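Worksheet: one structure, shown below.
Counting starts at 1 for both ligands and their atoms, in listed order. Position 1 is the first residue of the sequence, and the numbers go up from there. Treat the numbers as computed from the prediction; the structure is a model and nothing was measured.
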Amino acid sequence: MHGLHARLPRNFVLEERLERYADAIELEPARLAGRWADACTPIGSKPFREVRLDVGCGKGAFLTASAAAEPDVLFIGLDGEPVCIVYSAQHIIEGNLGNALVIPGLGDDLVRFFAPGELAGITINFPTPYPRKKEASKRLVALERLLEYRSLLADGAQITFKTDHEPLFAFALTQFELAGYVPDYVGDDYRADFPDTPKSEYEERLVAQGAQVHALIAHAGPLEGTPVQTASLSLVDYLPDDLHGLSYVPHGMQGTVVNLRNRRDHEAMRLS
Ligand SMILES: C[S@@+](CC[C@H](N)C(=O)[O-])C[C@H]1O[C@@H](n2cnc3c(N)ncnc32)[C@H](O)[C@@H]1O
């Protein structure tokens, strides 16, 4: 995950850690589709009240804090990066959390891992923006993904999306609308509005660097037919006109913003 390997401890051996924290890692998630809550309930305990999913869970700070706060809910984290899976599993085991586990996998695998209506909530915290047009389908908030999440959410269940990335947020709003979601909350200062919900690693880190938390909470509304993509897919198209007024440039867009500023400045000088 974007330079994460560079920060690994010297004695980090992935395979050894996967084995050590295996109790918190589900390697065959498809076999549990439709029965996660029952299958994961510890023997002698009441079945979990509901199942919630954290897509792109990273190193699991949000997942484990959520699990600690609500022991009667099963929290599942999914991430495509094995190192993140290992760190999340370590935090689950060390936190003695019997109501959390992680799945190695990608966002487009979810329809194989869960049954229709099985999820009582989905969280997408600070997903990788993939700013280029050709990578747009990898975004966890792309139309195709949002349509798949719809099918997995229970009636009225909410999806919560947070990001520091204004262009990604603007793009995501178009995608949620196309996918027929009804917003319950849209805001540019989620932390002021929800001060007590758990924070993810990226939220902690990026807010310390001056980021605002943009967030959308929505549930699936009516949808007729299959929506067609009409939004622009390059995140450059969602940057504001006044690039000098940008006080915070999200990660991955610094180079693009500098180049665009220079290009626009040269253009303005040429015309003056
Ligand atoms: C910027 S990090 C954010 C991690 C965490 N949610 C947080 O807020 O601290 C994005 C995470 O999403 C994962 N990711 C990106 N695309 C993914 C995909 N298509 N499927 C699963 N995980 C993905 C990355 O491996 C990474 O761990």
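Contact check for Pro131 versus Thr256: no side-chain heavy atoms found under the 4.5 Å cut-off. Under the 4.5 Å side-chain criterion, counting only non-hydrogen atoms from C-beta, Phe114 is in contact with Ile76.
Only one option out of Lys199, Glu201, Lys162 pairs with Asn125 in a side-chain hydrogen bond (donor to acceptor under 3.5 Å, both in side chains); it is Lys162.
Within the structure, the closest approach of Gly105 to ligand 1 falls below 4.0 Å when heavy atoms are considered.
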Exercise. Start with the C-alpha distance between Arg205 and Glu203, add both sets of side-chain angles, then the distance that settles salt bridge (Lys or Arg N to Asp or Glu O under 4.0 Å), and finish with yes or no.
Key: CA-CA 5 Å; Arg205 195 190 305 169; Glu203 177 174 349; over 6 Å; no

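Here is the list of ligand 1 atoms found below 4.0 Å of a heavy atom in Leu140: 18 (C), 19 (N), 20 (N). Under a 4.0 Å criterion applied to the non-hydrogen atoms of Gly80, ligand 1 contributes the atoms 21 (C), 22 (N). Proximity to Ser200 (heavy-atom distance under 4.0 Å) selects the following atoms of ligand 1: 7 (C), 8 (O), 9 (O). Near Cys84, meaning under 4.0 Å from one of its heavy atoms, ligand 1 places the atoms 27 (O). Taking a cut-off of under 4.0 Å to the non-hydrogen atoms of Cys57, the atoms of ligand 1 that pass are 5 (C), 6 (N). Atoms of ligand 1 found under 4.0 Å from any heavy atom of Phe126, numbered from 1 in the order shown, are 1 (C), 2 (S), 3 (C), 8 (O), 10 (C).
Only side-chain heavy atoms of Tyr130 come within less than 4.0 Å of ligand 1; its backbone N, CA, C and O stay farther off.
The N/O atoms of Tyr202, backbone and side chain alike, include one that comes under 3.5 Å of an N/O atom in ligand 1. Inclusion of Gly107 in the set of residues having an N or O under 3.5 Å from an N or O of ligand 1 is warranted. Considering backbone and side-chain N/O atoms, Glu203 never comes within less than 3.5 Å of an N/O atom of ligand 1. For ligand 1, the polar-atom distance check finds no N/O of Leu106 at less than 3.5 Å from any of the ligand's N/O atoms.
Around atom CD of Glu177, no more than 12 heavy atoms belonging to other residues, nucleotides or ligands sit under 6.0 Å away.
The option with the heavy atom closest to atom 6 (N) of ligand 1, from among Pro129, Gly56, Ser88, Gly58, is Gly56. Considering Thr163, Ile103, Asp79 only, the shortest heavy-atom separation from atom 13 (C) of ligand 1 involves Asp79.
Residues Thr128 and Arg139 have side chains that never bring a donor and an acceptor to within less than 3.5 angstrom of each other.
Closest approach of Leu140 to Leu146, counting heavy atoms only: O-CD2, 4.4 Å.
Ring-plane geometry between Phe171 and Tyr238 is classed as perpendicular, the angle between the planes exceeding 60 degrees on a 0 to 90 degree scale with a lower cut at 30.
By the 4.0 Å N-to-carboxylate-O rule, Arg270 lies close enough to Glu267 to be salt-bridged with it.
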